[in-house]
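These notes are about the structure you will find just below.
Below, chain A is the first sequence line, B the second, and so on; all start at residue 1.
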There are 2 protein chains.
Amino acid sequence: MMESYSPNRLKKFFSPRHIAVLGATANNQWFGNILANAFETGFDGRFYPVNPRADEIHGLTTYKSISELPDDTVDLAIVIVKSSIVMDTVGELVEKGIKNVLLVSSGFAETGKEGKGQQDTLRQYCKDKGVVLMGPNCLGFMNAPEKVSVFSGRAVEGTLIPGGVAVIGQSGATSEVITTKILKKSLGISLYITTGNEAIVTAEDCLEYLVHDENTSVITGFIEEFRNIEKMKLVAREAARRKIPIIILKIGSSDKGKKAAVSHTGALAGNDAVLDGFFKQVGIIRVETIEELAETAAVFSRWRLPEGKGLGICTFSGGMCGLYADLCEKYGIELPQLDEKTLATLKALLPDFAQPDNPLDVTGSGFLHGMNEIVRALVEDEHLDAIVTVCIPPQGEGDFFSPIINESFLPLLTTTTKPIVPITFREMNDYARDDFKDKGFYYIENPDLGLKALAHLINYAEYLRRLDG
Amino acid sequence: MMESYSPNRLKKFFSPRHIAVLGATANNQWFGNILANAFETGFDGRFYPVNPRADEIHGLTTYKSISELPDDTVDLAIVIVKSSIVMDTVGELVEKGIKNVLLVSSGFAETGKEGKGQQDTLRQYCKDKGVVLMGPNCLGFMNAPEKVSVFSGRAVEGTLIPGGVAVIGQSGATSEVITTKILKKSLGISLYITTGNEAIVTAEDCLEYLVHDENTSVITGFIEEFRNIEKMKLVAREAARRKIPIIILKIGSSDKGKKAAVSHTGALAGNDAVLDGFFKQVGIIRVETIEELAETAAVFSRWRLPEGKGLGICTFSGGMCGLYADLCEKYGIELPQLDEKTLATLKALLPDFAQPDNPLDVTGSGFLHGMNEIVRALVEDEHLDAIVTVCIPPQGEGDFFSPIINESFLPLLTTTTKPIVPITFREMNDYARDDFKDKGFYYIENPDLGLKALAHLINYAEYLRRLDG
């Protein structure tokens with residue numbers, strides 16, 4: 001492991017206040033995006049555009065050359081010049097004493113052999129000089145808690161709010177979609193990083209940083225290739241020790257997907273089956289889609305780890321019972337038999353024709369007989385470590401049905417350490433969303449994604465227990 | 001096969017204009033629901049509530065007994081009395097000459113041995129007398145094209161609009177969710193039927209009817225058990241002959257799911273693996289979730305069957321290329337090598353560093369070089385039978401980016417018989433939804449569900465070709 005990219009060094013890298021921009025022009029779309037994003041993030045530092053042919057760009061005082069920049073001030077340089085002059089530019093930055101570089105420009109390893117040669121030369125130079133360089137062929141990063149954004153894309157939809165979820169993407173566009181979907185789930189972001197071709201700073205370096213980052217509680221990543229499996233192993237161990245889940249969408253499970261990864265960021269995609277085994281061994285959670293990644297990040301952010309593997313499910317539709325049971329089997333979730341005591345309680349509460357089981361169908365009229373007691377009985381069942389229970393989005397003011405169902409578990413949320421996960425099969429509207437937010441409870445909407453994410457939570461908790469035991 | 005439930009007989013059953021209601025009271029929630037649904041559907045027939053202790057209910061003239069109902073008028077009786085008097089009630093209806101019965105009441109086979117005995121007695125009686133009986137333990141049906149709704153649930157969200165998708169549910173609540181999700185996809189419904197315990201009319205009977213129904217082009221169903229596999233085989237054959245896809249969400253792939261099905265509608269859930277093989281043999285499309293069912297119904301409703309198995313994918317994100325390729329492999333979709341001619345065309349159009357392949361990454365700047373020509377080249381490629389191509393939801397008026405991308409395929413929609421399926425990875429807002437609707441194109445939003453649904457379309461087309469060949 002190289003000391004120059006230690007978490008401490010990266011902490012400075014990710015918190016610049018004085019930022020030079022090489023290749024800044026009034027028409028450069030990347031530069032425009034960088035300023036727009038910084039503005040939205042509430043950046044209170046300063047940009048120093050460098051351009052030999054301008055005095056001012058977008059109202060910012062402009063410097064003719066790198067040598068004219070103030071001494072000992074700039075703590076990050078963004079390079080968006082064309083690839084042929086990147087090498088010279090980085091050389092001048094080093095001479096000026098600027099050794100934190102965000103290289104947005106593309107035209108390196110992703111373009112083939114020649115580009116790879118240029119990238120190798122650049123890498124060697126940066127290693128020799130101790131330059132921390134992110135990129136080439138990346139979009140930059142957004143650090144919401146520090147109000148820093150040096151990000152050249154504009155496809156993240158929604159405002160970045162600070163929170164516990166970190167996003168690492170080797171791909172720019174794809175990671176913008178991931179960040180958007182995470183924001184859509186009302187989750188906050190600790191740090192959003194795109195690493196591109198990773199000439200120097202790799203996804204592994206960023207993961208290591210994030211595992212130690214006090215703002216981060218859940219790490220997500222879109223990965224085309226891991227370049228340093230040994231480092232990943234150490235990072236994953238430390239993450240497990242700190243109970244920070246690492247959720248990875250790794251493409252390349254198909255030959256076509258692998259090929260796409262190679263031509264995209266020049267990745268050596270590796271043997272997927274081996275990697276899959278490695279993930280399981282070190283407790284990295286692998287997901288298959290962006291939607292599953294966002295749902296899993298939400299589940300880990302919102303519910304504590306269960307203390308065992310048993311899930312109890314409560315609903316009032318027999319059809320849903322069957323559907324949920326099939327999905328649980330598909331995702332390896334255990335639905336234990338209910339305890340004798342629970343069965344007795346439920347038999348006393350439910351109509352005669354109801355047959356208490358797990359999943360539990362309280363039937364279409366059963367909820368009228370004390371839904372609160374029913375859910376409490378499940379929560380108190382010693383065979384169950386987590387509960388999924390039906391919730392109903394209210395249609396509007398004065399909804400009769402919704403409170404009966406939702407009040408059945410709300411009082412229990414504060415009196416148990418077991419995760420209680422409300423699930424709805426009704427459509428959510430804005431009124432219901434606001435109502436649920438006001439009442440302070442989270443829920444899952446899509447049983448397929450939700451139960452798959454819950455399986456990740458349950459299995460991760462089990463993984464940590466095995467490590468301990 | 002029993003003649004009494006022939007498609008012709010069922011056609012009359014599903015189009016009543018004069019409807020008696022046994023067990024109607026002012027406070028009965030089921031009756032209230034039936035009237036509310038009929039009102040919303042625009043029903044122009046008449047209800048005849050029967051109640052010995054009322055002259056009028058909800059403004060409707062009420063009859064003291066079945067014998068007092070007008071002769072030769074009532075074409076359907078809805079029975080919502082308690083289970084203990086169902087048998088007598090059906091007997092009186094038969095005496096009055098009313099042999100179309102919708103039995104909403106529960107308390108039969110789903111409650112155990114005794115209830116099963118009562119249901120068997122009822123079944124035998126109906127068989128002997130030629131009664132077409134739907135239920136017990138069902139919600140009823142909605143026939144949107146005929147403006148008839150005899151439906152005792154109220155959980156379908158959104159107004160039923162007439163269209164080509166039929167829904168059959170053995171489960172009431174679950175099928176209400178299915179119908180809601182289908183309406184949410186802006187699809188219209190031809191007939192929505194819940195069959196419950198199926199003492200007489202079975203899902204197979206309804207499927208047979210729907211295969212011959214001129215309003216229905218896609219059949220969907222939530223099934224806990226098929227009771228007559230021989231009939232299903234004949235129905236599936238006829239459906240294939242008419243190119244009417246049958247999309248089934250069949251629970252019971254897990255032991256727990258099977259058990260839930262049994263206690264729910266008294267189904268004998270059968271051997272799931274055998275049933276799976278049967279489905280493949282007869283071309284029934286099996287789905288795993290309600291969301292997949294709705295997406296598959298949408299894909300079949302909106303795109304014609306491709307003439308071969310080769311899919312081409314076009315996007316401008318390398319990460320998405322890998323993601324889509326992995327999903328295609330997972331769902332068995334073939335992504336053929338592009339034709340030499342196509343490769344030459346693409347090389348001329350795309351930037352130097354782009355590497356034409358399938359999936360095609362036109363790169364972040366490639367779309368500026370003639371996206372229209374790029375998509376046209378894929379459409380004209382002889383190896384490709386269907387195209388998935390990126391579309392961009394506009395953020396609002398004057399969006400620069402969105403039209404460039406969307407105009408790339410819009411002109412092609414009318415000049416090719418190959419399905420062109422736009423896919424977006426951006427968030428949809430109301431403006432974009434309206435814009436896409438105005439422009440008259442459909443799209444898929446979720447790559448996982450969308451590509452899985454597309455796999456069903458491609459495989460179904462292949463199945464039909466094998467039958468022909």
Please rank [options] by heavy-atom pairs under 4.5 Å with chain A and give me the top one.
options	value
S254(B), G112(B), A325(B), A173(B)	S254(B)
E157(B), E329(B), K181(B)	E157(B)
T363(B), L323(B), L335(B)	L323(B)

Subject >> S402(B) side chain to I392(B) backbone, donor-acceptor under 3.5 Å >> reply: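 Yes; at least one donor-acceptor contact below 3.5 Å.
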Original post:
So does N429(B) have more than 12 non-hydrogen atoms from other groups sitting under 6.0 Å from CG?
Top reply: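 Yes.
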Subject >> Neighbour count >12 (heavy atoms, 6.0 Å) for atom NZ, K330(A) >> reply: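 It does: K330(A) NZ has more than 12 such atoms within range.
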Can you tell which part of [X] gets under 4.5 Å to a heavy atom of chain A, answering side chain, backbone, both or neither?
X	answer
D326(B)	both
E176(B)	neither
E288(B)	both

Under a 4.5 Å heavy-atom cut-off, does chain B meet the side chain of [X], its backbone, both or neither?
X	value
E292(A)	neither
E427(A)	both
D352(A)	neither

Original post:
With sequence neighbours excluded, what pairs up with E295(B) under the salt bridge (Lys or Arg N to Asp or Glu O under 4.0 Å) test?
Top reply: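 By the salt bridge (Lys or Arg N to Asp or Glu O under 4.0 Å) rule, E295(B) matches K185(B).
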**OP:** Name all residues meeting the salt bridge (Lys or Arg N to Asp or Glu O under 4.0 Å) criterion together with R286(B); count only those two or more places apart in sequence or in a different chain, and write none if there are none.
**Re:**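 Here the qualifying residues are D272(B), D276(B).
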Original post:
When rounded to the nearest 0.5 angstrom, what distance separates CZ in R426(A) from OG1 in T180(B)?
Top reply: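 Spacing of CZ (R426(A)) from OG1 (T180(B)) equals 8.0 Å.
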Original post:
Does the separation of the ring centres of F401(A) and F316(A) fall below 6.0 angstrom?
Top reply: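 They qualify: ring centres under 6.0 Å apart.
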